[in-house]
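Below is one structure; the comments refer to it alone.
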There are 2 protein chains.
Amino acid sequence: MSAGHTAVTASGTADGEPVISCETPQDECGVRDVLDRLGDKWSVYVVVELASGVLRFKELQRRIHGGISQRMLTLTVRRLERDGLVKRTVYPTIPPQVEYELTEMGHSLTHLVKSLADWSIAHRPAIAEAREAYDARPAEDVRT
Amino acid sequence: MSAGHTAVTASGTADGEPVISCETPQDECGVRDVLDRLGDKWSVYVVVELASGVLRFKELQRRIHGGISQRMLTLTVRRLERDGLVKRTVYPTIPPQVEYELTEMGHSLTHLVKSLADWSIAHRPAIAEAREAYDARPAEDVRT
DNA sequence: CGGAATCCATAATGATACTG
DNA sequence: CAGTATCATTATGGATTCCG
């Protein structure tokens, strides 16, 4: 729609606060658009694993951290396929063989995932520290 | 815990594919670290709204797309505070007044959120298209 | 092998009422 | 205003079984 690109005008100002302004009327920023899609526990992992190349169902399942259930992998991969992030190719052989790979769009997401990973790694210590401090804090830090 | 191999070591670098290399030994990529924190529906929205400046509870709630419940806002904001992404200041006045603002770390996340938003906006049409195509597709695209 | 279908446990979220 | 507490409802994820 008008979505053209209301773009997220971030003013990466020096010391000023980075501002995100969303002008998209129909449904805000579209952030939700992405997060809804990547918000589930597994999508990102599938994208990450598929970033390295084509994988078959079983192999994909085996690689995913923590062990995703068959059901969830199917659901996840289907949704990604529907959204055009993953391409699914079925070879009607016996036994059947299905290959999954990222589409162009899927690959473009890889970048973002990497950024997220980088941020996470960079701030993990700080977050852990913040948590300890928070948990140790006895009362509220009220402003007198 | 450490599910053995930690690396994603992408290989398809031939034509300059975006590569994700995770060397973090503790627990895979750390992608999960971020997604777990941002994975819930609301955290990102709170960060987005707070990116523009300091907000009080009610005001924050009012701004959030779709209308977050009191309960969820409280939980979300608490978690963000605990993780050191948001700073909460209580003024023991009557009626009480509580202000929320991003911390330095919170602001640094703003960038990523912006990237997500940009990606989302840029690919929304393509995704919508992919969905239509998928839903319209009668049978499987089997490789003969 | 890849997946669909079913049943079940639990986590996430919403709605509502109550409090300092 | 800014929560906290409770209850009801989903959404999500796992285990199992069956099928082409």
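Sequence lines set the chain letters: A, B, ... in the order given, protein chains first and strands last, and positions in each chain run from 1.
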Quick one: A:Leu75 CG to C:dG3 C1', roughly how many Å, whole number? 10 Å

Does a side-chain N or O of A:Tyr100 approach OP1 or OP2 of C:dC1 to a distance below 4.0 Å, or not? no

Which residue lies toward the 5' end of DNA chain D, B:Arg62 or B:Thr74, if each is placed at its nearest nucleotide? B:Arg62

One thing to verify: whether A:Asp83 and A:Arg79 come together as a salt bridge, which I'm taking to mean a side-chain N less than 4.0 angstrom from a carboxylate O. no

Between CG of B:Leu55 and P of D:dC1 the distance, given in whole Å, is 15 Å

Has B:Arg78 got a side-chain N or O lying under 4.0 Å from the OP1 or OP2 atom of D:dT4? yes

Provide, to the nearest angstrom, the distance between the CG atom belonging to B:Leu60 and the C1' atom belonging to D:dG3. 14 Å

Do NZ/NE/NH1/NH2 and the carboxylate oxygens of A:Arg131 and A:Asp135 come within less than 4.0 Å? no

Nucleotide C:dC1, atom P - distance to CD of A:Glu59 in whole Å: 12 Å

Could you give the NZ-to-P distance, from B:Lys58 to D:dG3, as a whole number of Å? 11 Å

Below 4.0 angstrom from OP1 or OP2 of D:dG3, is there any side-chain N or O of B:Arg56? no

Please walk me through it: do B:Tyr100 and B:Val54 pass side-chain contact (heavy atoms from CB on, under 4.5 Å)? CA-CA 6 Å; B:Tyr100 293 95; B:Val54 181; over 6 Å; no

What verdict does the side-chain contact (heavy atoms from CB on, under 4.5 Å) test give for A:Arg88 and A:Val98, after you've listed the backbone C-alpha separation in whole Å, the side-chain angles of each residue and the deciding distance to 0.1 Å? CA-CA 7 Å; A:Arg88 174 169 172 270; A:Val98 181; 3.7 Å; yes

Closest approach of B:Leu73 and B:Gln61, non-hydrogen atoms and distance? CD2-CB, 3.5 Å

In B/S/- notation, 5' to 3', how is nucleotides 13-20 of chain D contacted by protein heavy atoms closer than 4.0 Å? BBB-B--B

Spacing of A:Glu99 atom CD relative to C:dG2 atom C1', expressed in whole Å: 13 Å

Can you tell me how far C1' of D:dA2 sits from CZ of B:Arg88, to the nearest Å? 8 Å

Under the side chain to side chain donor-acceptor pair (under 3.5 Å) rule, what do A:Ser43 and A:Asp40 come out as? Steps first, then yes or no, please. CA-CA 6 Å; A:Ser43 293; A:Asp40 65 294; 2.6 Å; yes

Might you point out which heavy atoms bring B:Ala51 and B:His107 nearest each other, and give the distance in Å? O-CE1, 4.2 Å

Which atom pair, heavy atoms only, marks the closest approach of B:Gly84 to B:Met105? O-CE, 3.4 Å

Using whole Å, report how far CD of A:Gln61 lies from P of C:dG3. 11 Å

Quick one: do B:Arg56 and B:Glu59 make a salt bridge, cutoff under 4.0 Å? no

Compute the bend angle of the helix from C:dC1-D:dG20 to C:dG20-D:dC1 from the end axes (five pairs per end), rounded to 10°. 40°

